[in-house]
Amino acid sequence: MHIESTIKSTLQAALKEIYGVEEPTIALQPTKKDFEGFYTFVTFPYTKTLRKAPAEIGNALGQYLQEKAGVVSQYNVVQGFLNLSIEESAWVNTFNDLALDPKFGFWPANGQSVMVEFSSPNTNKPLHLGHLRNNFLGDSIAKILKANGYDVTMACLVNDRGIHICKSMLAYAKFGNGETPESAALKGDHLIGKYYVIFDKAYKAEIEELVADGMTKEEAEKKAPLILEAQELLRKWEQEDADTVALWQKMNGWVYEGFGATYQKIGVHFDKIYYESNTYLLGKDIVEEGLNNGVFFKKPDNSVWIDLTAEGLDEKLVLRGDGTSVYITQDLGTTDLKFEDFHSNKSIWVVGNEQDYHFQVLFAIMKRLGRSYADGCYHLSYGMVDLPSGKMKSREGTVVDADQLIADMEATAEARTRELGKIEDFSGEEAKNLYHKLALGAVKYFLLKVDPKKRMLFNPEESIDFQGNTGPFIQYTYVRIRSVMRKAEQMGIVLTTPAQNVPLTEIEKEVIFCLTDFPDRIANAARDYSPALIAQYAFDLAKVYNQLWAEVSVLNEPDEALRYFRILLSKAVGDTLQKALGLLGIGVPERM
RNA sequence: GGUCCCGUAGCUCAGUUGGAUAGAGCAACAGAUUUCUAAUCUGUCGGUCUUUGGUUCGAAUCCAAACGGGAUCACCA
């Protein structure tokens with residue numbers, strides 16, 4: 001039995017029986033703190049059709065619920081608000097159902113499959129804070145979709161070719177002197193990133209010189225010797241010149257090694273990796289197809305376009321006059337490829353909001369081409385992470401490096417832990433694992449608690465705290481519960497039977513109330529593609545449990561039945577916190 | 001200029017899809033530990049929900065306009 005669904009179905013029956021109204025969906029809301037009751041039904045919407053006063057409707061429905069629902073102990077009506085108080089036995093019954101269900105909160109398989117593409121790193125620089133937001137979002141949304149019953153494939157498209165890659169290759173060839181990650185004592189991705197910056201500096205210097213000689217800036221950017229050389233290198237790569245390909249492979253190998261270490265550290269992995277070097281020529285057959293069926297058209301210079309003005313977009317180039325691809329050409333090809341490979345019902349791209357327009361165009365084209373999967377495509381667009389100084393820019397060195405950030409957070413976790421001195425019996429390895437869990441919990445929670453589509457601010461000085469609305473706060477609540485569980489186990493208490501009907505305090509009801517909301521939160525998080533809803537939920541649950549902790553004692557409760565209930569309640573909260581944090585990709589420690 | 005996103009407490013953010021007197025965390029201040037982990041809890045302080053109009057029983061939420069911030073409108077990716 002579930003309180004909320006019982007009230008809803010009884011309300012439907014009441015509306016039909018008393019007023020002859022068929023209401024397919026009943027909206028219940030939590031009662032505001034200042035009023036008596038837990039659930040509130042708003043009667044205002046019915047005043048017009050029923051031509052009765054809101055309070056009158058409230059009283060009639062309240063009476064009906066009290067008599068027939070079996071879970072409503074009493075009611076009160078304030079204006080048009082019908083506030084319902086709940087029978088104590090109903091709380092315990094509802095709680096027993098969820099506490100003894102190991103899969104509580106997760107939805108059964110729904111027969112649908114979805115691909116989540118995220119991360120999409122460039123192999124010319126290490127990951128920074130913005131990438132972390134992308135990775136954590138993608139990883140979390142994949143987990144949330146799984147919890148909703150989807151069969152999920154996590155995919156990654158590596159941008160391993162192109163002019164930007166050639167820039168770092170060229171700089172390395174010119175200034176590298178055979179440096180290796182070992183000789184430089186740098187992670188591979190950081191070494192390559194260093195040469196990307198070196199290229200940019202040298203390139204800018206050339207431009208300045210040319211401008212000083214009277215060239216316009218625009219012209220200088222196109223004619224600087226370094227950029228011409230990089231373009232030449234790209235041509236050689238495309239012609240599969242042996243030396244160029246060998247250099248490319250060597251440098252990419254270093255980057256992959258570096259990325260691998262970072263991915264491992266942040267707990268992100270992929271089921272399928274696509275490489276742009278394999279897919280960049282795809283899409284031309286789709287251009288042909290579109291020309292044949294009149295979706296695309298040719299301009300006199302032989303370039304191919306699509307007119308999307310009917311969709312409120314513009315004319316868009318899909319193939320250059322010389323027959324070479326643009327970004328969207330490849331994306332058309334890879335989109336088809338992804339669906340051919342996995343036949344997913346849905347496909348999600350986790351990509352920053354600067355590409356909103358690109359994805360509008362991509363999806364519109366797929367629809368015009370009559371792709372059956374076009375309606376299942378979704379761009380999970382997220383905002384940038386800003387610094388107090390403004391935007392992050394790799395080339396100007398104003399980025400927060402991912403590896404560095406996590407290392408810093410681990411150091412903070414260690415300092416704080418030592419200060420508190422609660423784990424002095426831990427081995428070095430156990431302690432390291434703890435610091436890592438806390439560091440990752442703090443960073444992931446920080447980035448995921450904000451609505452994805454909003455841009456957010458990261459203040460390195462004060463942003464990532466371990467107190468208040470943070471990952472470690474929730475981890476700490478879990479740790480307290482684990483401490484109780486260990487002691488309960490020592491007392492020989494086994495948690496396999498339902499709790500008896502015991503008298504409950506307000507705070508205990510609130511904890512149960514919060515628990516019952518978990519499945520809906522998981523469903524909403526998937527519907528809105530928002531891990532932030534899960535983060536918020538975990539925080540709410542931790543907070544209400546901490547309140548309970550301050551008000552009542554679990555293990556020291558003299559009444560045996562009540563003590564058993566509180567232990568079981570604590571376990572349910574612990575399990576739910578673990579699941580919720582798990583959906584965010586955050587692990588829980590046993591002690592901290 | 002066109003299109004899209006955003007604007008809520010000093011700061012960082014929620015606000016269950018139109019409901020009651022708008023909520024958290026941080027910061028500041030005051031308290032709580034003979035008790036299961038105080039990385040906790042309680043309290044105080046803090047608001048013209050950018051502005052103006054509209055829709056209605058009722059608006060932070062929907063519509064329109066203005067203002068402010070950002071993105072994008074590349075034969076870059």
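In this text the structure is predicted, and so the values were computed from the model without any measurement. Just so we're on the same page: letters track the sequence lines, and every chain starts at 1.
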Exercise. Syn or anti for B:U17, please, going by whether the chi angle lies within 90° of 0.
Key: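 Judged by the O4'-C1' to base torsion, B:U17 sits in syn, the angle falling within 90° of 0.
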With a cut-off of 3.5 Å and sequence neighbours excluded, list every side-chain donor-acceptor pair involving residues 378-386 of chain A.
unit_1, atom_1, unit_2, atom_2, d
A:His379, NE2, A:Val351, O, 2.8
A:Ser381, OG, A:Asp356, OD1, 2.8
A:Tyr382, OH, A:Asn134, ND2, 3.0
A:Asp386, OD1, A:Arg455, NH2, 2.8
A:Asp386, OD2, A:Arg455, NE, 2.9
A:Asp386, OD2, A:Arg455, NH2, 2.5

Summary of protein contacts for [range], nucleotide by nucleotide, where a base hit scores B, a sugar-phosphate-only hit scores S (4.0 Å, heavy atoms):
| range | value |
| --- | --- |
| nucleotides 68-73 of chain B | --SSSS |
| nucleotides 56-63 of chain B | -B------ |
| nucleotides 31-40 of chain B | ----SBBSBS |

Quiz item: What stem regions, each of at least 3 consecutive Watson-Crick or G-U pairs below 3.5 Å, can be found for RNA chain B?
Solution: B:1-7 with B:67-73, B:10-13 with B:23-26, B:28-32 with B:40-44, B:50-54 with B:62-66
[atom1] spacing across the pair [N] / [M], given as an integer number of angstrom:
| N | M | atom1 | value |
| --- | --- | --- | --- |
| B:A39 | B:C26 | C1' | 15 Å |
| B:C6 | B:U61 | C1' | 15 Å |
| B:U55 | B:C63 | C1' | 7 Å |

If you look at every strand shown and take non-hydrogen atoms under 4.0 Å, does [X] touch a base, only sugar-phosphate, or nothing?
| X | value |
| --- | --- |
| A:Lys32 | base |
| A:Phe539 | sugar-phosphate |
| A:Asn302 | nothing |

Quiz prompt | Nucleic acid contacts - residues 510-528 of chain A versus RNA chain B, non-hydrogen atoms under 4.0 Å | solution = A:Arg527, A:Asp528
Practice problem: Under 4.0 Å from any atom of RNA chain B, heavy atoms only: list the residues of residues 51-59 of chain A that qualify, in numerical order. | Solution: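 Within residues 51-59 of chain A, no residue comes under 4.0 Å of RNA chain B.
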Practice problem: Look at the rings of A:Trp237 and A:Trp248 and say which category their plane angle falls in: under 30° parallel, 30 to 60° tilted, over 60° perpendicular. | Solution: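 A:Trp237 and A:Trp248: perpendicular rings.
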Minimum-distance nucleotide (side-chain atoms of [X] versus [options]):
| X | options | value |
| --- | --- | --- |
| A:Val450 | B:C41, B:A77, B:C13 | B:C13 |
| A:Thr40 | B:G19, B:A20, B:C75 | B:A20 |
| A:Arg320 | B:A77, B:C5, B:G7 | B:A77 |

Quiz item: Is there a side-chain contact between A:Leu308 and A:Ile365, using heavy atoms and a 4.5 Å cut-off?
Solution: yes
Quick one: list whatever passes side-chain contact (heavy atoms from CB on, under 4.5 Å) with [X], sequence neighbours left out.
| X | value |
| --- | --- |
| A:Asp314 | A:Tyr357 |
| A:Asp408 | A:Gln404 |
| A:Ala523 | A:Trp107, A:Asn148 |

Practice problem: Give a yes/no answer on whether the side chain of A:Lys454 brings an N or O atom under 4.0 Å of OP1 or OP2 in B:U12. | Solution: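 No, A:Lys454 has no side-chain N/O under 4.0 Å of OP1/OP2 on B:U12.
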Quiz item: Excluding sequence neighbours, so at least two apart, what forms side chain to side chain donor-acceptor pair (under 3.5 Å) with A:Lys449?
Solution: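 Here no residue qualifies.
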Quiz item: Partners of A:Ser483 by side chain to side chain donor-acceptor pair (under 3.5 Å), sequence neighbours excluded?
Solution: none
Give a yes or no on whether a donor-acceptor pair under 3.5 Å exists between the nucleobase atoms of [N], that is its base, and the side chain of [X].
| X | N | result |
| --- | --- | --- |
| A:Asn459 | B:C11 | no |
| A:Asp540 | B:A14 | no |
| A:Thr31 | B:A20 | no |

Practice problem: Tell me whether the guanidinium CZ or amine NZ of A:Arg591 lies under 6.0 angstrom from the six-membered ring centre of A:Phe426 and within 45° of its axis. | Solution: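 Judged by the rule (NZ or CZ under 6.0 Å from the ring centre, within 45° of its axis), A:Arg591 is not positioned above A:Phe426.
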Quiz item: Pick the nucleotide of RNA chain B nearest each of A:Asn76 and A:Leu533; which residue has the one closer to the 5' end?
Solution: A:Leu533
Exercise. Verify the stacking flag for A:Phe81 against B:A20: centroid separation must be under 5.5 angstrom and the ring planes must differ by under 30 degrees.
Key: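 Base of B:A20: stacked against A:Phe81.
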